[in-house]
Structure formats: structure tokens, C-alpha cells
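In this chain, residues are counted from 1 in sequence order.
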Amino acid sequence: MATKPTAVLNADLTTGTINRNIYGHFAEHLGRCIYEGLWVGDNPEIQNTGGIRNDVLEALRNLNIPVLRWPGGCFADEYHWKDGVGPVESRKRMVNTHWGCVVEDNSFGTHEYMHLVELLGCEPYINGNVGSGTVQEMSEWVEYITFEGESPMANWRRENGREKPWKLKYFGVGNESWGCGGNMRPEYYADLYRQFQTYVRNYGDNKIYRIACGANVDDYRWTEVLMERAGNHMDGLSLHYYTYPGLWEDEKKPALQFDEGIWFETMFKAYFMDELITRHSKVMDKFDPKKRVGIILDEWGTWFGVEPGTNPGFLYQQSTMRDALVAGLHFNIFHNHNDRLHMANIAQTINVLQAVALTDGPRMLLTPTYHVFEMYKVHQDAQQVQLNYDSPEYEMDGRSINQVSMTASKAADGTINLGICNVHHADAVSISIELRGQTFSSIEGRVLTSAELRDCNTFDNPDVVKPVPFTAFTIEDGVLRLDLPARSVTSLALKA
């Protein structure tokens, strides 16, 4: 056992609201995320609702998914929305140049996406095309979706079967404009953003939250230029950060074949998320001290090598407790930045990178990452509760990180929910939490862990890694003592 950390939970002190949108998702036209993952069309072998597969729909509803970003990603800046509306048989077929050079038949377009978010009960977040699109194209897309009166685009929407406009809250003006979205300099993109966003209009009572393309990882200069030149014209600024061992230009390490050193490096890089948000926030504070503009972390997650035998352009990878802990760590960090972080979207929802579900024809499985989303959904729109703690160090090869990461929030009914990650690959840990400001009559817990370091859920055995009841705790004299297994995510509900 490691040295016991000390922790104090001040149940009567709150430190801001945890925006439910940090539990958002991202679905790009990439690999089998949209086609087969979410959309099966008229395939009679897979149960669906208007082409949306029912098993995935049910799984995502269970997460209380708050927002879904679409259609990309790099794909967004080669996507021309008019190709994806109207009769399916007459829609233009195109080459998905970014992701495998496969044929994109545009059978999943604006109407299908808006139907999906309506079924999910979540907010749409559409990313517009700046890299290869036009101001008029973007303006007409917003008009098509949100304008109720008489206009060419509204009339076309009606001809295509939708009488009333949809509500559209979030709209991104370009994606990764520093890279696949145009290889632009920040000064150039800032001017383009100012121009394009002018024509992302609010029609009627539909008020759009405009999101500018933000930095790649630690490019703080990009953030400074965008805030200085265009900050008054945006509501949010995006940020992208993926967790992977090694260097970006290296061949990605396997998702299942890794040792303790690779495990530690992954956790070490996951912790970097805190520094990243902190430093970008400080740059933004210089131009926006009242924190009106939000950070929109609309791409995050692990990035490993594709599974053997799969299309390398499809980015299909398996998921273990390593991925689950990256998710848990990130959520704990996100909670601490609730003053500036307005949204986060895991990349990606189904079958791509750190997915929450994988499909194989009519079969579906839930990944360890899915279970963390489900365990942590109690924190959506809750009040963060003050939780101070010291953690033992997790050391390897001259580097160290906190072995334990914790968060706490208060739900509307007064329940205090704790989320605790033990990131150590092998060592269990005992912790004690002094409970102040409230007394509790009952405690319920669940824990997600794995018997072996590289365990994963498969289609033949889909429940290898799943939450089980957690009972390794005692409470006495206002002190909660917990024994946490190695590589685990634990959730506790403390009821008054």
C-alpha cells in the first residue's frame, strides 16, 4: 500500500457549476463512426429508427449525452452541405480524402444529423467549412437550418421534408485552420473568422454560440492572436489535445500491446491537460478578464495505433483501463476549470480513436471509456464542491505524477458525488477523507478496474471491464476511509 493521502471535503462550499457540455461527443465522417456506427440507413439486419441504429442510440441516451459535434474534424473543411440534402439517390458522391480515400455517398447529411440529435435529446454542434468553402455556403447553411420565413434556403428545406426550422446553438467557423483546415497563419485565419462569422446570422429567437478555431495543443501565440484580433466576435475558442505516448510524428503505439513504462507515459501526458487549459486561460484572461469567451475542447482523447488488419485511415482502436483513466483524469481536470471551459467533445463517439462503443455488423459493445462517462454523468450541471487533498507520488524513470486524482460535486437533491482515479498500474492505495459541512446517512459506490493491465471488452466477451459495486470503505467520526484498487476509477454517492 502507498502512503495515505489526506483529504478534506467541504460539502457546504461550492466552486462553480460543472457545465454538462464537457461530457460532449464528436462524430466525424471518419471510418465507421457515422456509417455503421451511428447510421445504418435501411439495413434490415440492424434495428434502427429512421436509419439510426437503436443499440447505439440507447447507449448514448444512457449517458445523457449533452452535445454532438459534426461533421468534422478535417472532414468539415472539405464538406459541402448541399451535397448531403435532398433525395438520397441524387446526392453527390465524393472522395473522403482525409480518411482512407473511401467514397462518401452523403447519405448522412443535415436532415439525418438533426434527426439524430433530436432522438438523443442533445444540442447540435455543427462545424462549418472555411478551408474549401465560401461565406455564402456557410451563410446559407445557417439559413437552411434556422430560418422560419420565406427564403430560398427555407423553402428548399421544406421541399426536402422539414417544415419548421431546427434550433442550432453551436456553430464552429472552420476546424484546425492551422493544419488540415487550410495551413493558415493565425493572423490570416483571424481575419477570415471575422468575415465568415458575420454571416452566421441569428434568425428569430435562435441565438448561435460562435466558435472560432483555436490552438493546436500548446500554441499559445495562436490563442493570443485570435483573442486580440477577433475575441469580441466569438463566444468560444476551440482547443485540441490528444494523449499518446511518444512523439506525434512517430508511428502510434499499439492500443493493447504496452508495458508499464508506456502506461506511465500515457498517464503523465494525460495530466498535461491541466497545464494546457491553465496557460491558454491565462492568455485569454489578458483580453477577456470576465471570462465571457469559453474554451471549447472539441477534440480530446487517446490516439494509438489502429487494430491489425483494419484500414489505417479509419483510426479504429481498442480500449482498456488505460483509456478509462485518461477519461477520468480529464473529467477531474475539466471540473477544476469550470470558469473557462464551456465544452469538451471526446474523439470520437463510435468506432474511432477513444470511442465509447464499438460495432461489428449487428453487434455492439461498450468500452471502459463508456463506463467512465456513465459513472461521471452525475456531475453534469452539478455544483463543484471544494475538495482539498494530497496524493502519493507515482514515480517512474525520474518523473512523477499524482497517483490519485479526485473530484466532488453536489447534485440538485443534495447528494455529494465523488470521482476518484488511482492511476498506478500496479499499486492499490488507501485514502482518508474528512467530511465537513454536512452529515451523511448512506454511501453507495461503484468501481471500474481490470484484472489484467491490458484487459479489454470484445464482441465475444463484452463485459470483461465493467463497473461493479464498491464496498471497500468505512466511515467513522466524520472520516471516510477507502481502499482503492490499482488502475481504477471509483464513484461514490454520499446522501444526507
Side-chain angles (χ1 to χ4, degrees), residues 1-9 11 18 23 63 263 267 270-271 319-336 356 366-380 382 384-392 394 401-411 415-435 440 442-453 455 457 463-476 479-495:
M1 289 289 188
T3 304
K4 292 183 180 180
T6 59
V8 176
L9 173 73
I18 299 168
Y23 291 91
L63 297 182
W263 172 286
M267 297 302 121
Y271 267 112
S319 182
T320 67
M321 272 305 301
R322 181 170 58 150
D323 303 83
L325 277 162
V326 170
L329 275 178
H330 282 171
F331 289 144
N332 292 353
I333 291 168
F334 295 166
H335 293 182
N336 292 334
V356 297
L366 305 178
T367 67
T369 296
Y370 176 94
H371 295 305
V372 176
F373 269 85
E374 192 277 325
M375 294 166 71
Y376 268 62
K377 69 182 181 181
V378 293
H379 299 291
Q380 293 184 17
Q384 186 182 26
V385 171
Q386 187 181 84
L387 176 62
N388 302 313
Y389 64 96
D390 295 318
S391 170
Y394 176 18
I401 54 177
N402 285 344
Q403 180 179 348
V404 175
S405 170
M406 304 172 65
T407 193
S409 71
K410 180 179 288 188
T415 300
I416 301 293
N417 290 294
L418 298 178
I420 310 172
C421 299
N422 177 9
V423 304
H424 202 288
H425 69 278
D427 288 356
V429 64
S430 295
I431 66 172
S432 58
I433 305 173
E434 183 180 349
L435 306 177
F440 302 97
S442 67
I443 302 176
E444 296 179 355
R446 291 189 296 161
V447 63
L448 180 72
T449 188
S450 60
E452 302 295 335
L453 199 64
D455 280 347
N457 296 334
D463 294 321
V464 173
V465 184
K466 67 177 183 179
V468 296
F470 176 74
T471 58
F473 63 84
T474 61
I475 185 168
E476 184 178 359
V479 176
L480 175 63
R481 293 180 173 83
L482 310 167
D483 293 322
L484 305 174
R487 55 183 181 278
S488 64
V489 178
T490 303
S491 64
L492 291 168
L494 285 65
K495 298 182 181 293

**Item:** Atom of Pro392, atom of Val404 and distance for their closest heavy-atom approach
**Value:** CD-CG2, 4.4 Å
**Message:** Any side-chain to backbone donor/acceptor pair from Lys410 onto Ala11? Under 3.5 Å, distance only.
**Reply:** yes
**Residues Leu453, Arg487; criterion side chain to side chain contact (heavy atoms under 4.5 Å, CB included); working and verdict** = CA-CA 8 Å; Leu453 199 64; Arg487 55 183 181 278; 3.9 Å; yes
**Request:** Starting from the C-alpha separation in whole Å, work towards a yes-or-no answer on side chain to side chain contact (heavy atoms under 4.5 Å, CB included) for Leu366 and Phe373.
**Result:** CA-CA 11 Å; Leu366 305 178; Phe373 269 85; over 6 Å; no
**Message:** I'd like to know if the side chain of Tyr271 reaches the main chain of Asn402, judged simply by a donor and an acceptor atom lying under 3.5 Å from each other, with no hydrogens or angles considered.
**Reply:** yes
**Prompt:** Between Ala270 and Ile333, which heavy-atom pair has the shortest distance, and what is it?
**Reply:** O-CD1, 4.0 Å
**Item:** Ring geometry between Phe334 and Phe331 (parallel below 30°, tilted from 30 to 60°, perpendicular above 60°)
**Value:** perpendicular
**Prompt:** Between Arg481 and Ser432, is there a donor-acceptor pair closer than 3.5 Å when you use the side chain of the first and the backbone of the second?
**Reply:** no
**Prompt:** Taking it one step at a time, do Thr367 and Asn457 satisfy side chain to side chain contact (heavy atoms under 4.5 Å, CB included)?
**Reply:** CA-CA 6 Å; Thr367 67; Asn457 296 334; 5.6 Å; no
**Message:** Strictly distance-based, threshold 3.5 Å: is any side-chain N or O of Asn388 a donor or acceptor partner for the main-chain N or O of Val8?
**Reply:** no
**Message:** So does Thr449 get a backbone contact from the side chain of Ser488, meaning a donor-acceptor N/O pair under 3.5 Å?
**Reply:** no
**Item:** Least distance between heavy atoms, Leu418 atom then Ala408 atom
**Value:** CD2-CB, 3.3 Å
**Item:** Parallel, tilted or perpendicular, as decided by the 30° and 60° cut-offs, for the rings of Tyr376 and His335
**Value:** tilted
**Request:** Show the numbers, then the answer: is there a side chain to side chain contact (heavy atoms under 4.5 Å, CB included) between Leu448 and Val465?
**Result:** CA-CA 7 Å; Leu448 180 72; Val465 184; 3.8 Å; yes
**Asked** Of Glu444, Met375, Lys377, His379, which is the lone residue that meets side-chain contact (heavy atoms from CB on, under 4.5 Å) with Ser491?
**Response** Met375
